[in-house]
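Notes follow once the structure below has been shown.
We name chains A, B, ... by the order of the sequence lines, and we start the count at 1 in each one.
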Amino acid sequence: MATAYINDQAYTIEKGESILQFLRRHLGGQPVPTLCDAPNLKAYGSCRICSVEVAREKGGAKRTLASCHTPVDAGQYIYTHTKSLRKLRRNIIELVLTDHPLDCLTCEVNGNCELQDVAAETGIRKVRYPAGANHLHYEKDLSHPYLTADLSKCINCYRCLRACDEVQGEMVISVAGRGFDSRIVMGMDQDFLHSNCVSCGACAQACPTSAISDVYESKSIEYTRKTRTVCTYCGVGCNLEVATVNGSIKSIQAPYDAEVNQGHTCLKGRYAFTFYDHPDRLRTPLKRQGDEFVPISWEEAYDLFAERLKKIKAEHGPDAIAGISSSRCTNEENYLMQKFMRAVIGTNNIDGCARVCHSPTALGMQRTFGTGAATNSIEDLQYTDCILLIGANPTEAHPVTGAKIKQQAMKGKTLIVIDPRKTELARYADYHLALRPGTNVAVLNMMMYFIIEEGLVDKTFVKSRTEGYEDFERQIRALDIEALENLSGVPREQVRQAAIAYATAPAAMSFHGLGVTEHFQGTFAVMQIADLAMITGNIGRRGVGVNPLRGQNNVQGAADMGVQPHQGAGYLDVTDPQVRARYEAFYGVQLPSEVGYKIPEMFDAALEGRLKALWIMGEDVVQTDPNSKKVMEALRQMEFVVVQELFMTETAKFADLVLPGASFLEKNGTFTNGERRVQRVQQVLPPLKDAKTDGQIIVDMMNRLGYQQPDYDAADLLEREISQIVPFFRGIRWERLGQNGLQWPVAEDGSDTKILHTEEFKLGKGRLWFANFEETEEIKKHGKDFPFILTTNRNLVHYNCGAMTRRTRNRLLITEDVLYIHPEDAAQYGIAESDWVCLESARGKVDIRAHLSEEVQRGILSTTFHFPEILINEITSDVLDTEAACPEYKVVAVRIRKARRGNGMATEAMASVENRS
Amino acid sequence: MSENQSKLSARRGLDNNLFERIARLAEEQGGTPSREALRSLAEEFLIGEAALYGTATFYDFLKPENRGKEVYVCDGSSCLCAGTQPAVEAALRKHFAEEQIGHMTCLGRCHENAAFQYKGKNYSGMTEEEIHGLFTAEAGEPLTGQYLVESLGPDVLTAADGGPEEWKAALRKALALSPEAWTEEVKHSALRGRGGAGFPIGIKLEACRKAEGLQRYIVCNADEGDPAAFTDRFLLEERPHRVLLGMVLAGYAAGASRGVVYIRGEYPESVLAIEQAVSDLERAGCAGTGILDTDFDFHFKVIKAQGAYICGEETALLASIEGQRPVVRTRPPYPVEQGLFLQPTVVNNVETLANLPYIALEGGAAFRQIGTADSTGTKLLSLDSGFARPGVYEVPMGTALQKVVYELGGGFAGKVKALHIGGPLGGLVPVSKIPELSVDFESFKEQGFLLGHASVLCLPESMPLVKYLEHLFDFTAKESCGKCFPCRLGSVRGRELLQKAQQEDYKIDPDLFEDLLDTLERGSLCALGGGMPLPVRNALAYFEEELRSYFA
């Protein structure tokens, strides 16, 4: 084995490592001081502090080399702390200190400053240079709600701009000028707020001093008590380190050793945490009295709750009661909620928000592969040759994954984007198939047609791993491509090229989002994505697969735990007597055998008087489910509605009983991210006074209703119940999850699974299904009278109903939902930037301000539903996916006119939208 | 350097070149691109607008301060030593406002000095009348510009160009061999790079050919802006076909079908001459598609640089072509593995490449016959106006420096105390050391100097050394890319120490000064910071007496 010597001791070297990596691997910690080096950045070589002396032979002539970018070589004699090296390092630091304010004692990073540490290590006592030119006069940039800059403290290591480029991929930070006057600039010499900054904070975390920091002073030495947990926002599942002092949260950083996010996260994960103790937090149970809510004790609340459920069950049977669980809650809480409904109430009326987002994914992938979850891992992005992104805008909705895809796309990896909007990633795509919303099935069929036509089918894979191909091929070949081209609006040649690119890539990987699922033909589109992967052999190895970008932090987990009316914990069919027998033995009670209501069916049942009571945990159905008026009416119709929440949401306003739950910061448990990774959520603080963890509330109610369930203890529940009943959780134990979690299925011995379907599918063979394009009812019925198509989506700054993000400084970045409209459409209707537009569908109308943008095509409009002030879901439709009953948020037939209210003003809000778009 | 920027710039490549687009904007918009224009360029190239702003603010001829500049006065070392520039500036001030007058560092008119650039042309204004005449005459007349060109021995580089027949003959000989065999021939010549480091070109060509890549490039580094060096300018303007032919021949060896000539913006006439020569070569079938009816293609791209000395450093030069800030990259990977647009690239200096046609025609063995065992071939030297016979001279490697100075150069025009040989990072050779040196890499190295570009500048008796050293620190401070800490900070602190010692009752702490030189030398990332202590140390060693009063 090849060796090199560190201070005359022999150590083995590894191919391709730098001297610094070699030193760290053997000596651990910080074997030589560094300044420009950072764990998630490439070696840069600017500070020269890491220099070592290298000789070709013992006692030979030594050369001084920067260890961070010099490869280690066999036979090198490396010296790390010779007298002359100490002098060199001290002399470099002395130069740095000639242009650095010497106000350490009052600096926010005092005690936790890399420059200070290195200076101390070099033993520098004084600066011998006479006072000279410097940059101490730079003014602070305090323009941004989160990020701050005090460039007088900048040491020009450029970690910030490298993080902005290499990690986030924004290039918002650069250097102006050269030499001594090189200085960091945001945008084109603007400030943070007015640059295109996406507020991810990677620069602040990267900065070794406080030259770039944040309003939470997250690098303060006082923040030593840190708790590692998992983000509550999207399905990426970033690991976070939450700093607390005296029971209050001070800041959040991203741990570098996190496999999911490697020291990165987005502005929601890093900065949008102050909702947790916002004055609006619900702090006590509330009972409706007429139009008022009055605080009551937990005892009273539980009494009322139990009594009403008992009464309704006695009068109308268990199926008059339903529960909506929460993808924001832990696996353990979701498990308890479905158990409560099934084992305590005796109904399968349990559903969750997956219904309105990825239920078609779960169903479609179960039908084709047998498992409704991502087949591969996000790390496979490194190994794939082609990325197919369908109906997803991850740079806004899954920022860390979005950034990783963008990094690959910028570096030239083939990217195909199927999306009606020119999203950020579509800009970088080799092929952007800008289809008419609602025509995914048409375009995917065209792709498969061309793959078959061009003879690019992986016949070996098809033969050995799938069934149903002959029929499938016959139906595909019979397609009328010209008709599909006209329907989708995507030129066939473009589709053909994209299809060839996908099919000929050695490894092609698809990602999809709600732009696939939230459609009339959502499940069919998912099945076609699976078909596409199967006919090209892109399943079961690294860098391939079908990878839904799951929306909420634990939407994967909620479904895994049985939050769905047809499958119990572990996706087992509740109508199967054998399965039921197993559950019954485990729960010790008799279980219902009928499939329960899906969420939209719950509202229908309520309106028809069949459903009397509904327990909603952490879900704002009024603001986020389609056709809000109908939802509100359904809630009004029911006898008893309980909403368990953090805030008085639009839904909570309809409750008879409101229970104060706890945020992710206040509980233990696990979340499962979009790549099936079960990770530990660790309590940072106890629940706010009088609030309870959602799990404990469920347990209390179980006990009230006579079912013995121990107090909420996630580790215990995981070990004693969940891993015993959910087959793919078999080997999961709290301790085994460690820092980075495990990807299910986890075998008895604790080994986990990065890639599914490597040898065979859950179904045995993969099933190829054909589905033809069918126009949605919405267009068929209303397309004529409502000629525009509105499609709804998300922005980076806010999360879903916004209950949390609107209660943070994020509200200073984007203050309202706006309507994206093509400038030519706007001109035709006399609409100018920021004008109020009246948006009308067959359900109703809302007023919303316009934002002129070429991100949308002519005839297409787009907006978000983060703000209750504009309840956009008042106009969305209740057309559902034919298979999984997921609502079609993505195609709403509307018409527009300039609203009668006053003209818009260019508000700060618009300015910030402008900056971000 | 940013991998993302390299790759995004590569999408548009050389044909829609980002750097040229930025430069064009500056030209169209009064000397610097507007933010709006940069923004739409950023949008087009999918690169962050901040990055383009960073690029634009780096270069002398693109940065916002360049707006409205009409005329540029040379402030290179030779013009400084000749003392011609105060008069030039005074004369120009009669025609231009202060803010219309900018500076350029070294227009390569070191043979006569008094240099300035006006509307893309260089002049030497020897008298006030001459300068006045330029702005009053109907059409401005070029003011002189002639220099001697002579050769002592084989005229590998200075021989008159033989025209298309000679080009074809050279190409035919090389193309008759396999690329491997032709590379062997080059290796056999033992030709070493003339840009300063002396690295054998054959090894680079071979490494490039063997490296993994989709496209290979030959880049001619015609941006070596060493003040007092005008050998490259001579080749670019007077023997441009030889340089380009050298690139074609290098391309054949390396498997490269694209060549970039990156030429200093300070040499506008060089850009024109090279552009003309490219079309000559293409017309003769010696460049372009299907060279001499073979399947070997070689397409040229000529890029005009925008004023940054650091671009003479190869990695900065490559970043520059990509439209990035031209800051020095770490090596490895070397350009032969990941160069322009992260593809295998051979970067060589003008003079090195210009030797290849001779090797093709006469063979590697013949070339090896010239010069010494370790330094083969000839070397061009440029002698500045401090000599009786300034000019460009070609001598076989190993020729006694004495012969160059006193025979070719005709001795000194005035009183000279030292020669600054090899540019600002080259050694300061006291006149007494001249007899001990010969023109080759080894001799200079052994004696503690550097052959470099072999530009020879006379340091007159009248020039205080402390002032000259301040000038050298000032040059480095102005031209430092600002990436590595020692160079960015050390160059300024060195300048300040020397200024303070001249202007105030301040004595420099010798230990501090030694620490500064050591930090620059051992700590700097590239040869700019790393090389500048050499002349300073020479000065301290050979002119201790003159400098003693400034030190404690």
Side-chain angles (χ1 to χ4, degrees), chain A residues 35-36 42-49 51 63-64 66 68-71 84 87-88 90-92 94-96 98-99 128-130 132-133 155-158 161-162 164-166 169-182 185-189 195-196 407 410-412 427-428, chain B residues 2-5 7-8 10-11 35 38-39 42-43 46-55 57-59 63 308 310 325-332 476-493 496-497 500 506 509 511-512 515-516 518-519 522-525:
Chain A
L35 278 174
C36 67
K42 289 202 205 90
Y44 190 63
S46 71
C47 77
R48 322 305 291 171
I49 293 289
S51 291
R63 288 182 68 198
T64 306
C68 68
H69 65 84
T70 306
S84 78
K87 195 174 87 169
L88 176 66
R90 192 169 59 236
N91 288 338
I92 295 172
E94 182 179 16
L95 283 170
V96 173
T98 59
D99 192 14
R128 294 167 294 170
Y129 292 95
I155 60 168
N156 294 54
C157 66
Y158 306 138
L161 77 91
R162 288 151 59 208
C164 192
D165 175 6
E166 294 172 25
E170 290 304 309
M171 305 185 203
V172 167
I173 307 181
S174 184
V175 188
R178 72 181 187 219
F180 186 65
D181 289 325
S182 303
V185 289
M186 318 307 172
M188 295 203 275
D189 219 346
S195 71
N196 291 331
Q407 288 292 345
M410 287 196 287
K411 291 179 180 67
R427 295 173 65 224
Y428 291 86
Chain B
S2 157
E3 184 184 350
N4 287 331
Q5 284 184 51
K7 292 282 192 171
L8 290 167
R11 289 191 185 193
R35 283 184 166 83
L38 284 177
R39 186 166 287 140
E43 182 77 15
L46 302 170
I47 291 174
E49 56 193 45
L52 299 199
Y53 181 79
T55 297
T57 55
F58 191 98
Y59 295 92
K63 63 187 181 187
I310 198 64
R325 286 173 57 79
V327 293
V328 177
R329 298 178 188 176
T330 57
R331 291 175 298 193
T476 304
K478 280 183 180 149
E479 300 296 346
S480 166
C481 76
K483 176 172 172 175
C484 78
F485 290 17
C487 178
R488 175 172 56 85
L489 295 159
S491 56
V492 171
R493 297 301 170 229
E496 286 172 351
L497 289 175
K500 208 170 160 70
Y506 175 82
D509 170 0
D511 290 341
L512 175 64
D515 280 355
L516 174 63
D518 180 65
T519 306
R522 290 202 295 149
S524 296
L525 175 58

For chain B, which of [options] has the most heavy-atom pairs under 4.5 Å?
options                                   : answer
Thr64(A), Val185(A), Val175(A)            : Val175(A)
Ile155(A), Asn156(A), Leu35(A), Leu161(A) : Asn156(A)
Cys164(A), Pro71(A), Ser84(A)             : Ser84(A)
Ser51(A), Cys157(A), Ala66(A), Ala133(A)  : Ala133(A)

Check your understanding: Can a donor-acceptor pair be found between the side chains of Arg493(B) and Thr98(A) at a distance below 3.5 Å?
Key ->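 Yes - a donor-acceptor pair under 3.5 Å links their side chains.
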Backbone N or O of [Y] within a donor-acceptor pair of the [X] side chain at under 3.5 Å?
X         : Y         : answer
Arg178(A) : Phe58(B)  : yes
Arg35(B)  : Met188(A) : yes
Gln5(B)   : Ala51(B)  : no
Ser491(B) : Cys487(B) : yes
Arg488(B) : Cys481(B) : no
Lys483(B) : Val328(B) : yes

Between [X] and chain B, with a heavy-atom cut-off of 4.5 Å, which part of the residue counts as in contact: side chain, backbone, both or neither?
X         : value
Tyr158(A) : side chain
Val172(A) : backbone
Cys36(A)  : neither
Asp189(A) : both
Gln407(A) : both
Leu95(A)  : both
Ser182(A) : side chain

Point to revise | Audit row: Phe485(B), Val96(A), side-chain contact (heavy atoms from CB on, under 4.5 Å) steps and yes/no | key: CA-CA 7 Å; Phe485(B) 290 17; Val96(A) 173; 3.5 Å; yes
Point to revise | Note: Arg128(A)-Asp511(B) ion pair, threshold 4.0 Å (strictly below) | key: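 Here Arg128(A) does not pair with Asp511(B) in a salt bridge, since their nearest N and O are not under 4.0 Å apart.
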Under 4.5 Å, counting heavy-atom pairs only, tell me which of [options] racks up the most with chain A.
options                                   : result
Leu52(B), Leu489(B), Thr55(B)             : Leu489(B)
Thr57(B), Asn4(B), Thr519(B)              : Asn4(B)
Leu38(B), Asp518(B), Asp509(B), Leu516(B) : Leu516(B)

Under 4.5 Å from any heavy atom of chain A, what part of [X] do you find: side chain, backbone, both or neither?
X         : result
Glu49(B)  : both
Ile310(B) : neither
Arg325(B) : side chain
Lys500(B) : side chain
Ile47(B)  : both
Arg11(B)  : side chain
Ala10(B)  : neither
Ser524(B) : backbone
Leu46(B)  : both

**Study point:** Between CG on residue Leu88(A) and CD1 on residue Ile49(A), distance to nearest 0.5 Å
**Key:**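 Leu88(A) atom CG to Ile49(A) atom CD1 measures 7.5 Å (nearest 0.5 Å).
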Review point. So do Leu512(B) and Leu497(B) actually touch side chain to side chain, heavy atoms under 4.5 Å?
Key: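 With C-beta onward as the side chain, the pair touches.
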Review point. Mind checking whether Ser174(A) and Tyr53(B) have side chains closer than 4.5 Å, heavy atoms only?
Key: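 Heavy-atom side-chain distance check fails, nothing below 4.5 Å.
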Exercise for review: Please identify each residue that fulfils ring-ring contact (aromatic ring centres under 6.0 Å, His included) with Tyr59(B), with sequence neighbours left out.
Suggested key: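 By the ring-ring contact (aromatic ring centres under 6.0 Å, His included) rule, Tyr59(B) matches Phe19(B).
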Check your understanding: Mind checking what makes ring-ring contact (aromatic ring centres under 6.0 Å, His included) contact with Tyr44(A), not counting sequence neighbours?
Key ->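 With sequence neighbours excluded, Tyr44(A) shows a ring-ring contact (aromatic ring centres under 6.0 Å, His included) to no residue whatsoever.
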